[in-house]
Amino acid sequence: MPELPEVESVLQCLTTSTPSLIGRRVCSVRVLRDSVVDGNVRSVVNTLTGTVCNDVLRHGKYLFFEFQNSHSATQSWLALHLRMTGRLFLVPEQMAEDRHTRFVLLLDQGLALRFDDPRAFGRVWLVEDPREVTEKLGPDALLIQRESFLNRLHGLRRQLKQLLLDQSFVAGIGNIYADETLFRARLHPLKISSDLSNEEINRLYDALHGVIAQAVIAKGANIDGVFEAGSFPVAVYGRGGKRCLECGALVVKERFGQRGTHFCPVCQPL
DNA sequence: CACTCTACCTGTGCGC
DNA sequence: TGCGCACAGGTAGAGT
């Protein structure tokens, strides 16, 4: 599933490759599934048509596309979340749409920005300012500093798995990187945050930072034939019943809070 | 505040 | 072969 590293990879691909989305004018907007637009479909079409994409930002798993109206010099922002199965690509406009294509921006230079999503969980919506969204989120997991992490953890009494998945604590971690972070930190997913020693808290920060930074460089996770083309090797996610790469014990998969959770019971004792 | 449950979706893979 | 079903999971929102 696209988490922070995969979303960052999408952002880099759209903005730093050739051709780039930056500077492209929106000729028209196609909405193939109304429900992927949060809010009024017509206002999204009317607002974006004729604008030029100036910039793309990311915070956690959210992307924000800045569009400039060339006449009135006003800006509009399109927010986007890929959820589990959403994919974005900049393609030649004549490239055939998929049965899962949900939303398309037809651009100048014969290009199109396509949003495909089999499960149609992903969403796009207009915001006046990305802060409407980011204010509700914690710091971006790639950028959060140790001091901020320690301060935010202070006073919380939460299970570590749940805490890492909480986007208002730190933004960008999903199920894969939560499990990978806890494995690297040698901490059990059900451990309570307020019970951690200073040494364990620092281990958790180091693991989070290390996992996310490495996964960004690798352009995402490498999950057994599934999804993204990234090369970050997972140690526990999706490896229930297989041997722990550190100690050889069997990796456990259990459901904690409606979530498949993978961990090594020997390396990560409770 | 911390946690749980449900709804939103559909492709996949299993057992029968 | 085909059917039914559990499962995958991010987030919002309601409830405990």
Side-chain angles (χ1 to χ4, degrees), chain A residues 1-10 31-39 41 58-64 79-88 97-103 115-127 130 132-138 140-141 151-182 188-196 212 215 220-228 230 234 236-241 251-263:
Chain A
M1 332 307 135
E3 301 179 24
L4 187 157
E6 289 79 13
V7 178
E8 177 65 20
S9 176
V10 169
V31 179
L32 294 102
R33 169 83 66 115
D34 283 2
S35 64
V36 307
V37 174
D38 207 336
V41 172
R58 180 192 61 73
H59 188 107
K61 306 172 200 172
Y62 294 78
L63 287 174
F64 301 96
L80 181 146
H81 196 300
L82 297 169
R83 297 288 182 98
M84 277 93 72
T85 54
R87 305 183 66 179
L88 264 187
E97 284 168 0
D98 197 73
R99 54 193 283 236
H100 300 123
T101 301
R102 310 303 188 190
F103 182 87
F115 176 39
D116 289 9
D117 187 357
R119 286 185 207 169
F121 264 29
R123 291 288 182 272
V124 296
W125 68 103
L126 293 173
V127 292
E132 292 168 32
V133 176
T134 60
E135 274 171 358
K136 298 171 190 156
L137 301 172
D140 186 83
N151 287 340
R152 297 180 71 76
L153 202 52
H154 186 76
L156 295 181
R157 187 177 182 83
R158 309 272 307 271
Q159 292 174 348
L160 296 182
K161 175 68 184 272
Q162 283 211 335
L163 187 63
L164 290 177
L165 290 176
D166 185 343
Q167 304 300 300
S168 69
F169 174 66
V170 53
I173 309 300
N175 211 32
I176 297 170
Y177 295 108
D179 286 0
E180 294 302 313
T181 294
L182 291 171
H188 192 286
L190 294 184
K191 200 149 202 165
I192 303 298
S193 57
S194 54
D195 293 342
L196 297 182
I212 294 300
N222 180 4
I223 313 281
D224 258 0
V226 188
F227 200 63
E228 299 297 317
V234 292
V236 286
Y237 182 83
R239 296 192 65 251
V251 172
V252 170
K253 178 180 181 185
E254 279 189 56
R255 277 183 94 72
F256 294 148
Q258 327 293 96
R259 274 302 166 38
T261 299
H262 314 73
F263 64 102

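Lettering follows sequence order; numbering is per chain, from 1.
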(request) Identify whether any heavy atom of A:Arg158 sits under 4.0 Å from a base atom; if not, whether one sits that close to sugar-phosphate; answer base, sugar-phosphate or nothing. (result) sugar-phosphate

(message) Need one value for A:Lys136: base, sugar-phosphate or nothing, where a base atom within 4.0 Å counts as base even if backbone is also close, heavy atoms only.
(response) nothing

Using whole Å, report how far [atom1] of [X] lies from [atom2] of [N].
{"X": "A:Phe256", "N": "C:dA8", "atom1": "CZ", "atom2": "C1'", "result": "18 Å"}
{"X": "A:Phe115", "N": "B:dC9", "atom1": "CZ", "atom2": "P", "result": "13 Å"}
{"X": "A:Leu163", "N": "B:dC1", "atom1": "CG", "atom2": "P", "result": "14 Å"}
{"X": "A:Lys161", "N": "C:dG9", "atom1": "NZ", "atom2": "C1'", "result": "10 Å"}
{"X": "A:Arg119", "N": "B:dT12", "atom1": "CZ", "atom2": "P", "result": "9 Å"}
{"X": "A:Glu3", "N": "C:dT11", "atom1": "CD", "atom2": "P", "result": "9 Å"}
{"X": "A:Leu4", "N": "C:dG10", "atom1": "CG", "atom2": "P", "result": "13 Å"}
{"X": "A:Leu164", "N": "C:dG9", "atom1": "CG", "atom2": "C1'", "result": "16 Å"}

(request) Supply the atom-to-atom distance A:Arg102 CZ to A:Glu97 CD, rounded to the nearest 0.5 angstrom. (result) 11.5 Å

(request) Could you tell me the separation between the NZ atom of A:Lys61 and the CD atom of A:Glu6, rounded to the nearest 0.5 Å? (result) 10.0 Å

(request) Tell me which of A:Gln258 and A:Leu156 sits closer to the 5' end of DNA chain B, going by the nucleotide each one is nearest to. (result) A:Leu156

(message) With nearest nucleotide decided by heavy atoms, which residue, A:Arg83 or A:Arg99, maps closer to the 5′ end of DNA chain B?
(response) A:Arg83

Which nucleotide wins on minimum distance to the side chain of [X], given the candidates [options]?
{"X": "A:Arg102", "options": "C:dG10, B:dC3, B:dT10", "result": "B:dT10"}
{"X": "A:Lys61", "options": "C:dA8, C:dT11, B:dC9", "result": "C:dT11"}
{"X": "A:Gln162", "options": "B:dT6, B:dC9, B:dC3", "result": "B:dC3"}
{"X": "A:Arg123", "options": "C:dG9, B:dC9, B:dG11", "result": "B:dC9"}
{"X": "A:Arg33", "options": "B:dT10, C:dA12, C:dG10", "result": "B:dT10"}

Is [X] near enough to [N] that one of its side-chain N or O atoms lies under 4.0 angstrom from OP1 or OP2?
{"X": "A:Arg259", "N": "C:dG10", "answer": "yes"}
{"X": "A:Arg255", "N": "C:dA6", "answer": "no"}
{"X": "A:Lys253", "N": "C:dA8", "answer": "yes"}
{"X": "A:Tyr237", "N": "C:dG9", "answer": "yes"}
{"X": "A:His100", "N": "B:dT10", "answer": "no"}
{"X": "A:Gln159", "N": "B:dA2", "answer": "no"}

Side-chain polar contacts of residues 253-260 of chain A - donor-acceptor pairs under 3.5 angstrom, sequence neighbours left out - could you list them?
residue	atom	partner	partner atom	Å
A:Arg255	NH2	A:Gln258	O	3.1

(request) Would you mind telling me which of A:Thr261, A:Asp166, A:Thr181 makes a side chain to side chain donor-acceptor pair (under 3.5 Å) with A:Lys161? (result) A:Thr261

(message) Run the ring pair (Phe, Tyr, Trp, His ring centres under 6.0 Å) test against A:Phe169 and tell me which residues pass, sequence neighbours left out.
(response) A:Phe149

(request) Would you check, one step at a time, whether the test side chain to side chain contact (heavy atoms under 4.5 Å, CB included) holds for A:Leu137 with A:Tyr62? (result) CA-CA 10 Å; A:Leu137 301 172; A:Tyr62 294 78; 3.7 Å; yes

